[in-house]
Amino acid sequence: MKNNNVSDVCTVVLDTSAFIAGFDPFSSKRYNVTVPKVKEEIKRNSILLLRFEVAIDTGKIEVKTPFEKYKTKVKNIADKMGDLHLLSETDLDVLAVALELEIDGFKPQIVTDDYSIQNVASQMKIEFIPLTTRGIHKILEWIRYCPGCYKKFLSNYKLVSCSICGTKLKRKPKRKINHGKTCEKKKE
Ligand SMILES: [Zn+2]
């Protein structure tokens with residue numbers, strides 16, 4: 001099922017909110033991945049479950065169990081970001097699978113409406129797609145800034161505090177960009 005030429009395939013990692021918001025795996029030409037815990041959460045909704053199970057049976061979705069080492073890495077990042085207590089085990093699994101795919105050379109995007117998943121994903125330089133009522137259109141880009149001296153930092157800046165004055169950094173959306181072409185971009 002995996003495409004050997006990974007750089008040509010855009011991978012989407014789906015959390016439960018993606019399915020609830022109506023993500024249709026059959027209309028997606030991408031490599032769709034989710035985690036076992038999402039399946040457990042979807043089991044509570046019989047209509048969603050039917051479509052979900054057909055998608056798995058026909059190879060439209062792969063259910064991937066995350067490795068502990070990636071989960072640990074995600075937890076460390078989330079902890080530094082102050083988001084760890086906001087993330088469920090399912091959320092951490094989604095992020096861990098996305099991180100693994102990214103490391104394996106896929107270009108993944110996480111489909112989620114969860115703010116904390118989005119935040120940690122952006123810290124890991126993994127794109128995310130919020131599924132609003134309008135559908136998949138925008139990716140929110142983050143910028144980190146110091147509320148003390150207003151110095152701006154890139155979203156992947158490693159430290160939690162300002163390098164100038166030591167104040168704990170905050171984040172805000174930088175700008176909304178259309179993600180339409182990101183899938184075609186090759187990962188070098
Ligand atoms: Zn500062």
Side-chain angles (χ1 to χ4, degrees), residues 7 10-18 20-21 33-35 37-38 66-188:
S7 61
C10 190
T11 307
V12 287
V13 184
L14 302 148
D15 88 343
T16 310
S17 71
I20 291 168
V33 181
T34 192
V35 298
K37 283 201 172 66
V38 166
F67 288 109
E68 272 309 311
K69 60 174 177 179
Y70 296 120
K71 223 172 148 176
T72 304
K73 205 168 173 186
V74 166
K75 277 183 188 170
N76 288 339
I77 292 165
D79 195 25
K80 275 185 195 140
M81 303 287 293
D83 282 309
L84 186 55
H85 65 290
L86 298 168
L87 293 165
S88 68
E89 285 295 313
T90 309
D91 298 339
L92 292 168
D93 285 356
V94 165
L95 285 160
V97 163
L99 179 63
E100 181 189 336
L101 289 164
E102 172 85 4
I103 287 167
D104 285 349
F106 287 86
K107 182 167 180 59
Q109 296 173 319
I110 301 174
V111 181
T112 179
D113 276 336
D114 185 284
Y115 180 85
S116 292
I117 294 180
Q118 294 174 357
N119 196 39
V120 174
S122 74
Q123 182 69 7
M124 299 193 303
K125 301 291 272 177
I126 292 171
E127 288 174 4
F128 57 84
I129 307 166
L131 263 171
T132 61
T133 50
R134 287 260 157 210
I136 302 170
H137 289 301
K138 302 281 186 188
I139 295 167
L140 209 55
E141 233 181 55
W142 295 95
I143 190 158
R144 300 178 74 202
Y145 70 99
C146 171
C149 68
Y150 296 103
K151 183 174 166 53
K152 291 191 174 90
F153 297 88
L154 293 173
S155 59
N156 62 347
Y157 180 68
K158 294 283 186 291
L159 304 176
V160 290
S161 303
C162 176
S163 59
I164 311 294
C165 70
T167 307
K168 194 159 186 263
L169 299 181
K170 292 194 167 195
R171 58 175 184 256
K172 62 181 177 185
K174 188 180 170 191
R175 65 195 159 96
K176 283 186 172 180
I177 53 168
N178 195 311
H179 85 286
K181 287 196 170 152
T182 54
C183 277
E184 287 129 49
K185 215 192 292 169
K186 283 209 169 189
K187 186 187 170 74
E188 299 299 343

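Counting starts at 1 for both ligands and their atoms, in listed order. Quick caveat, the model's predicted, so the values are computed rather than measured.
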Engineer: Is a side-chain donor-acceptor pair under 3.5 Å present for S88 with D91?
Structural biologist: yes
Engineer: Tell me whether E89 is salt-bridged to K71, with the criterion being a basic N under 4.0 Å from an acidic carboxylate O.
Structural biologist: yes
Engineer: For K73, I'd like to know if atom NZ has over 12 heavy atoms of other residues, nucleotides or ligands within 6.0 Å.
Structural biologist: no
Engineer: Please name the residue in the list V38, T34, L101, L99 that meets the side chain to side chain contact (heavy atoms under 4.5 Å, CB included) test with V13.
Structural biologist: L101
Engineer: Answer whether the closest heavy-atom distance between the side chains of E100 and P66 falls below 4.5 Å.
Structural biologist: no
Engineer: Do we see a donor-acceptor contact under 3.5 Å between the side chains of S17 and D15?
Structural biologist: yes
Engineer: What protein N/O/S atoms lie closer than 2.8 Å to the Zn ion (ligand 1)?
Structural biologist: C146 SG, C149 SG, C162 SG, C165 SG
